[in-house]
Amino acid sequence: MDNKIILDGQKVSTHIREELKPRIEALKANGVVPSLVTILVGDDPSSATYVKMKGNACEKLGIKSQKIHLPKETTTEELLHTINELNNDTSVHGILLQHPVPSQIDERKAFEAIALEKDVDGVTSWGYGQTALGFGLYPSCTPAAILNIIDFYNIQLQGKHAVVVGRSPILGKPVSALLLNRNATVTTCHSYTNNLPELIKQADIVVAAVGKPEFIKGDWLKEGAVVLDAGYNPGNVGDVEYSSCYEKASAITPVPGGVGPVTISMLLKHTVDAAERTLN
Ligand code: NAP
């Protein structure tokens with residue numbers, strides 16, 4: 001019998017969104033409409049699609065969503081000005097600057113300008129630092145989604161060896177920190193890592209956050225490993241080779257329908273959390 005678990009992101013996502021509905025109603029009854037502003041700079045079509053998906057998800061749930069689309073020639077100063085206005089606008093609870101921004105902009109400086117209490121995607125160094133120390137309000141949404149999937153399916157982390165492939169500030173590093181805080185033993189790999197397949201072979205849990213289509217192969221996995229694929233590449237493929245990894249894994253996220261929808265749900269949840277904090 002096939003005991004494999006497909007870690008169904010749609011199912012996890014539906015669960016999270018159902019829990020948010022009464023909270024949003026309660027906020028509205030108190031005169032607060034949770035509100036997320038996404039800032040898109042330039043014309044990158046994938047970014048535009050992500051922003052649209054986030055906006056649609058907000059509206060479906062009754063969260064106010066505003067999209068600010070700035071031209072591709074926008075300077076760092078102009079972007080900082082927009083962010084500061086949003087920081088000062090008490091009707092805005094969450095600010096999301098869509099990554100990547102055009103190369104003339106200092107993206108780090110722009111991220112740092114977001115007020116901590118509105119940093120619903122954990123992009124500021126304060127937000128990241130607090131996440132790493134274990135008391136962050138809003139971890140980055142994709143890492144938070146990965147932990148939510150793990151918890152939804154009751155996957156044990158304590159004492160397990162987790163190998164994270166990727167160390168970006170919004171994904172690999174914070175997910176490594178979240179796993180470490182949950183008492184997993186974490187190995188974080190990157191483009192300078194030697195013997196990657198041998199390291200992955202030791203993993204009870206593999207998190208793929210590489211940005212390379214079908215990069216991780218099934219024969220690199222230990223039999224029964226749990227595979228969480230954060231990758232989302234053109235052609236709707238993840239960072240793991242699904243067919244061969246499916247054979248070896250005890251549980252695996254599909255792409256699409258795995259980490260992606262839960263990431264959006266975490267953004268919605270963090271926006272609602274931020275709105276609730278304005279009442280306290
Ligand atoms: P990124 O900033 O490009 O980072 C990729 C990481 O992979 C880097 O740390 C890089 O190492 C590492 N890497 C590259 N080649 C490698 C190799 N040969 N061996 C080992 N490590 C290697 O990407 P990201 O923003 O973290 O995104 C990663 C993936 O997740 C992408 O597919 C992206 O589309 C997806 N993503 C999905 C969601 C979602 O909602 N599902 C959200 C965000 C991102 P260095 O640090 O040494 O360069």
Side-chain angles (χ1 to χ4, degrees), residues 7-10 12-13 16 36 38 40 44-58 96-101 103 107-108 111 120-123 128 131 138-150 162-179 186-203 206-217 220-221 227-242 245 252-270:
L7 304 169
D8 182 348
Q10 293 293 357
V12 181
S13 186
I16 296 166
L36 174 74
T38 48
L40 173 66
D44 177 52
S46 310
S47 295
T49 305
Y50 295 143
V51 166
K52 198 169 164 201
M53 283 164 66
K54 289 164 186 171
N56 290 345
C58 281
L96 184 125
L97 172 60
Q98 184 63 44
H99 162 86
V101 294
S103 57
E107 185 179 76
R108 179 48 35 206
F111 280 153
V120 286
D121 198 19
V123 295
Y128 169 73
T131 294
Y138 313 119
S140 297
C141 292
T142 306
I146 289 169
L147 268 286
N148 256 267
I149 294 170
I150 286 172
V163 171
V164 177
V165 189
R167 58 168 170 183
S168 71
I170 55 146
L171 221 175
K173 277 182 184 152
V175 80
S176 295
L178 291 174
L179 292 164
V186 182
T187 302
T188 308
C189 304
H190 45 78
S191 64
Y192 295 91
T193 298
N194 292 323
N195 306 326
L196 185 66
E198 284 86 342
L199 286 169
I200 292 177
K201 201 77 177 183
Q202 297 168 30
V206 177
V207 177
V210 205
K212 295 201 162 150
E214 303 184 321
F215 178 72
I216 293 171
K217 311 297 180 198
W220 300 3
L221 297 178
V227 178
L228 294 127
D229 186 356
Y232 192 61
N233 303 290
N236 271 346
V237 293
D239 288 349
V240 311
E241 188 182 70
Y242 188 78
C245 288
I252 186 166
T253 53
V255 175
V259 174
V262 188
T263 294
I264 296 183
S265 293
M266 293 320 300
L267 180 65
L268 305 176
K269 178 183 177 295
H270 291 169

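Below, all heavy atoms of this structure are taken into account, side chains as well, without hydrogens, waters or symmetry copies. Counting convention: from 1, in listed order, for ligands and their atoms alike.
Tyr192 has its side chain within reach of Arg167: a pair of non-hydrogen atoms, C-beta onward, lies under 4.5 Å apart. Proximity of Ile216 to Asp239: side-chain heavy atoms (C-beta onward) are nowhere separated by under 4.5 Å. The shortest distance between side-chain heavy atoms of Val12 and Leu7 does not fall below 4.5 Å. In this structure, the side chains of Val255 and Tyr242 stay at 4.5 Å or more apart for every pair of heavy atoms. At least one side-chain heavy atom of Leu179 sits less than 4.5 Å from a side-chain heavy atom of Ile150. Between Lys173 and Thr188 there is no side-chain heavy-atom pair separated by less than 4.5 Å.
Ligand 1 is approached by Ala209 to a heavy-atom distance shorter than 4.0 Å.
For atom 12 (C) of ligand 1, the nearest protein heavy atom (residue, atom name, distance) is Gly166 CA, 4.0 Å. Looking from atom 42 (C) of ligand 1 to the surrounding protein, the closest heavy atom is Thr142 OG1, 3.0 Å. Ranking protein heavy atoms by distance to atom 48 (O) of ligand 1, first place goes to Ser191 OG, 3.6 Å. The shortest contact between atom 33 (C) of ligand 1 and any protein heavy atom is with Tyr232 N, 4.1 Å. Of all protein heavy atoms, the one closest to atom 27 (O) of ligand 1 is Leu171 CD1, 3.7 Å. Nearest to atom 20 (C) of ligand 1 among the protein's heavy atoms is His190 O, 3.0 Å.
Of the heavy atoms in Asn233, only side-chain atoms (C-beta onward) come closer than 4.0 Å to ligand 1. Using a 4.0 Å cut-off between heavy atoms, Thr193 makes no contact with ligand 1 at all.
Any N or O atom pair closer than 3.5 Å counts here, and Thr263 shares at least one such pair with ligand 1. An N or O contact shorter than 3.5 Å links Ala230 to ligand 1 by distance. Considering backbone and side-chain atoms alike, His99 places every N or O at 3.5 Å or more from each N or O of ligand 1.
Atoms of ligand 1 found under 4.0 Å from any heavy atom of Lys212 (numbered from 1 in listed order, with element): 15 (N), 18 (N). Heavy-atom proximity to Phe215, at under 4.0 Å, picks out these atoms of ligand 1: 17 (C), 18 (N), 19 (N). Taking a cut-off of under 4.0 Å to the non-hydrogen atoms of Gly211, the atoms of ligand 1 that pass are 28 (C), 29 (C), 31 (C), 32 (O).
Classified by interplanar angle (parallel below 30°, tilted 30° to 60°, perpendicular above 60°), the ring pair His270/Tyr138 is tilted.
The shortest non-hydrogen separation linking Gly172 to Val164 is O-CG1, 3.8 Å. Residues Ser140 and Ile170 come closest through the heavy atom pair CB-O, 3.3 Å.
Among Met53, Met266, Arg167, Lys173, the residue whose heavy atom lies closest to atom 46 (O) of ligand 1 is Arg167. Of the listed residues (Leu199, Asp239, Val210, Val164), the one carrying the non-hydrogen atom nearest atom 5 (C) of ligand 1 is Val210. Across the listed options Gly260, Pro100, Ser168, Ser168 owns the non-hydrogen atom lying nearest to atom 2 (O) of ligand 1.
With a 6.0 Å radius and a threshold of 12 heavy atoms from other residues, nucleotides or ligands, Lys52 has its NZ atom at or below the threshold.
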Decide yes or no on side chain to side chain contact (heavy atoms under 4.5 Å, CB included) for Leu196 and Phe215, but give the supporting numbers first. CA-CA 11 Å; Leu196 185 66; Phe215 178 72; 3.5 Å; yes
